[in-house]
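In what follows, a single structure is set out as structure tokens and then discussed.
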Protein chains: 2
Amino acid sequence: MINKNATVKDIAKKLGIHQSTVSRALRNLPGISPKTRKLVLDTAKKMNYIPNLFARNLKNNVSKTIGIIIPEIRHDFFSNAISGIEHIAYNRGYVPLLLQSNESVERESLNIDAMISNRVAGIIVSITQNTTNGDHFQKLIDLNIPLVFFDRIIDGIQSNKVISDDKSGAKAAVDYLIKKGYKKIAFLSGPEELNICKNRLEGYLAALKNNNIAYDKNLVTYGSLHEDNGYDTISKFLDEENLPDAIFTVNDPVAIGAFKKLKEVGLKIPDQIGVIGFSNNLVTTLIEPTLTTVEQYPGEMGKRAAQILLEQIESKEEYFLRTEVIHSKLIVRNST
Amino acid sequence: MINKNATVKDIAKKLGIHQSTVSRALRNLPGISPKTRKLVLDTAKKMNYIPNLFARNLKNNVSKTIGIIIPEIRHDFFSNAISGIEHIAYNRGYVPLLLQSNESVERESLNIDAMISNRVAGIIVSITQNTTNGDHFQKLIDLNIPLVFFDRIIDGIQSNKVISDDKSGAKAAVDYLIKKGYKKIAFLSGPEELNICKNRLEGYLAALKNNNIAYDKNLVTYGSLHEDNGYDTISKFLDEENLPDAIFTVNDPVAIGAFKKLKEVGLKIPDQIGVIGFSNNLVTTLIEPTLTTVEQYPGEMGKRAAQILLEQIESKEEYFLRTEVIHSKLIVRNST
DNA sequence: TATCCCTTTGCAATCGAATGCAAAATAATA
DNA sequence: TATTATTTTGCATTCGATTGCAAAGGGATA
């Protein structure tokens with residue numbers, strides 16, 4: 001139930017001039033005398049005129065809204081990325097429409113539909129940990145809606161991408177573990193098919209190879225991206241009496257889960273077992289010992305994703321898709 | 001640059017019937033023969049018809065969007081509240097438009113403007129820690145846009161409110177500290193004028209009074225709602241050699257900040273000093289010792305806020321504003 | 001077959017702003 | 001002053017969907 005707002009026509013009527021004149025004056029278009037323009041602007045302010053974006057967008061067939069779909073805002077990584085996106089969007093006059101998929105593919109698809117209906121100008125996405133089919137993204141391509149994936153991407157969709165150099169980040173982490181003298185290093189991964197998992201695995205393998213350590217497939221496990229994965233996997237290792245002397249996890253929550261189990265059974269970190277996470281979540285500095293991890297600069301990733309998206313949105317000529325890699329950095333703390 | 005979508009008129013042309021018939025068929029309005037309806041729906045699906053919300057909303061002068069303005073999504077409390085809001089919104093066919101104020105009053109006001117321009121159906125707000133003037137909210141009231149404040153509210157605006165029973169939550173916390181034998185209990189508050197701070201202070205005072213403990217004004221401090229406040233305040237206490245034997249903080253981040261300083265100087269929690277936070281953030285279970293705190297049920301608060309907002313939005317008759325109080329609960333852990 | 005009554009469909013205007021083109025007003029020039 | 005050039009304003013249509021009302025279609029009944 002929205003109150004009756006002043007419209008362009010109302011202003012025109014009040015001033016006894018035509019609405020087209022008012023419309024042009026309001027937008028500082030040329031061909032309006034300074035006197036008329038001032039009169040219109042003053043009157044608009046006085047009448048509390050607020051442009052009706054529905055009408056404007058309908059006429060122009062564009063909007064100044066960009067969609068963001070991420071799994072869960074409560075993760076540091078994503079909330080920081082969002083801040084980066086917002087920063088760019090605000091400065092360029094765009095409003096971000098943020099929807100969570102909650103790691104549900106179905107929700108992700110519904111969010112896409114909602115965004116299409118709302119005629120967003122473009123979309124930035126980090127996929128759910130379960131997304132393997134990209135039909136709902138293909139829909140966007142077919143509709144010519146610019147799309148940027150960041151961090152968690154999906155193959156087979158012609159779109160822009162902003163990713164971390166996951167492989168080298170992971171390699172740096174595992175190299176460091178080896179340098180510290182750890183020998184039996186496990187990699188607690190997430191969903192096997194997820195790009196970040198595949199790439200971090202590559203880095204893990206590269207580090208092993210680089211140091212002439214044999215690859216033991218029992219030391220690479222797959223699970224979710226949540227705490228329970230870390231907790232359960234450590235439990236499993238203990239049950240099998242196959243505990244490694246160091247673990248590298250696909251992200252910080254999984255490391256936290258591992259922490260919990262390790263502490264429960266009284267294992268000392270980093271003396272009896274070393275731990276490295278990924279993403280440099282805030283929590284890594286709050287726990288004990290503080291967690292060694294890999295910084296991904298999510299704010300920067302968000303910024304770049306937004307910049308690239310806006311470039312495509314505002315490009316007049318043929319646009320060429322890009323993939324951008326943001327460098328990551330090992331942050332050494334006390335868990336190794 | 002949005003591709004040409006199929007429109008109602010396109011469907012009509014293809015079927016050789018009038019667009020009004022198509023429009024009614026698509027929305028399952030009465031007065032359309034089953035045969036025609038099926039034909040229209042099938043064709044719409046085949047043509048990938050997506051209703052243009054700009055046109056629809058323009059005509060109807062309403063939208064199915066509800067605005068959410070909160071300080072920062074990265075706080076557990078808010079991200080949980082958002083989930084609650086989303087849950088209700090989705091089920092009722094609304095899309096949430098989420099904007100952060102980042103604790104900036106200016107941004108908060110700009111966000112309001114953006115939401116007005118986007119003609120949201122209603123708005124849910126938790127104010128910044130610095131908001132004292134409510135003019136930007138009054139604008140909403142003047143425009144007849146339904147408004148619900150939750151948790152952090154501002155006085156003097158005629159709106160709906162959803163709040164915690166901060167006073168009794170605080171009282172329970174401080175009562176518990178006293179019962180545990182702590183005698184010199186400080187309250188590390190946030191901005192003095194913020195409603196949650198005032199109410200939690202009341203609870204603190206009530207508990208003291210209830211237990212015949214004299215109020216010492218040096219034990220009540222004000223600061224931000226962030227970690228630094230806890231850290232700095234403990235530092236100050238130490239400098240003044242006026243360390244209390246227990247602290248109750250306005251929220252969990254402040255407690256975490258205090259934790260950091262206390263650990264730095266080697267003070268044992270809970271033996272030498274007890275700590276209770278507020279809000280039951282996830283991190284309270286990850287630190288050592290785990291933090292005693294007060295659960296506010298933010299998801300529930302979000303749900304109620306959304307329900308109330310939608311009631312007002314969809315009310316046909318005169319609407320009576322409401323204030324709803326969500327009960328909080330002391331969660332005892334190892335910091336006390 | 002004619003009449004009446006529902007059911008189904010079509011017509012046309014509307015929401016608010018944008019814009020190509022024509023018309024009017026003003027300024028510049030002969 | 002008459003004419004031309006330029007600036008300023010107005011007209012009318014458009015975007016896509018909705019809706020009150022009128023018209024047409026179909027069936028039942030006399």
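Residue numbers start from 1 in every chain, and the chains themselves are labelled A, B, ... in the order their sequence lines are given, proteins ahead of strands. As the structure is a computational prediction, the values presented were derived from the model and not from experiment.
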* Asked: Tell me: CG of N5(B) to C1' of dA17(D), nearest whole Å?
  -> 14 Å
* Asked: Within the structure, does a side-chain N or O atom of S20(B) lie under 4.0 Å from either OP1 or OP2 of dA12(C)?
  -> no
* Asked: What's the CD-P distance between Q19(B) and dC11(C), to the nearest Å?
  -> 10 Å
* Are D42(A) and K46(A) within salt-bridge range, i.e. N to O under 4.0 Å? -> no
* To do: Using the ring of Y297(A) (Phe, Tyr or Trp, six-membered ring only), decide whether R304(A) places NZ or CZ under 6.0 Å from its centre and within 45 degrees of its axis.
  => no
* Structure fact -> Of R24(A) and K59(B), the one whose closest nucleotide on DNA chain C sits nearer the 5' end is K59(B)
* **Side-chain N,O (T36(A)) to OP1/OP2 (dT9(D)) below 4.0 Å** => yes
* Structure fact -> Taken to the nearest whole Å, CG/N60(B) to P/dC15(D) is 20 Å
* To do: Assign the ring pair F150(A) / F78(A) to parallel, tilted or perpendicular, where the plane angle (0 to 90°) is split at 30° and 60°.
  => perpendicular
* Contact nearer the 5' end of DNA chain C, comparing I32(B) with L58(B) -> I32(B)
* Asked: Quick one: is dC11(C) close enough that its OP1 or OP2 comes under 4.0 Å of any side-chain N or O from H18(B)?
  -> yes
* To do: Verify the neighbour count for atom CD of E314(A): are there more than 12 heavy atoms of other residues, nucleotides or ligands below 6.0 Å?
  => yes
* Round to the nearest Å and state the distance from K64(A) atom NZ to dA18(C) atom C1'. => 16 Å
* Remember a base hit wins even if backbone is also touched, and classify I17(A) as base, sugar-phosphate or nothing at under 4.0 Å, heavy atoms. => sugar-phosphate
* Please check if the side chain of Q312(A) supplies one atom and the backbone of P146(A) the other of a donor-acceptor pair under 3.5 Å. => no
* Under-4.0 Å side-chain N/O to phosphate OP1/OP2 contact, R27(B) with dT19(D) -> yes
* May I have the distance from D10(B) (atom CG) to dC15(D) (atom P), rounded to whole angstrom? => 10 Å
* To the nearest angstrom, how far is K9(A) atom NZ from dG10(D) atom P? -> 15 Å
* With sugar-phosphate meaning primed atoms plus P, OP1 and OP2, does N57(A) contact a base, only sugar-phosphate, or nothing at under 4.0 Å between heavy atoms? -> nothing
* To do: State whether S23(B) places a side-chain N or O below 4.0 Å from either non-bridging phosphate oxygen (OP1 or OP2) of dT18(D).
  => yes
* Asked: Counting only side-chain N and O atoms of R56(B), is one of them less than 4.0 Å from OP1 or OP2 of dT18(D)?
  -> yes
* Structure fact -> Whole-Å distance, L29(A) CG to dT9(D) C1', equals 14 Å
* Asked: Rounding to a whole Å, what distance do you find between L26(B):CG and dG16(D):P?
  -> 15 Å
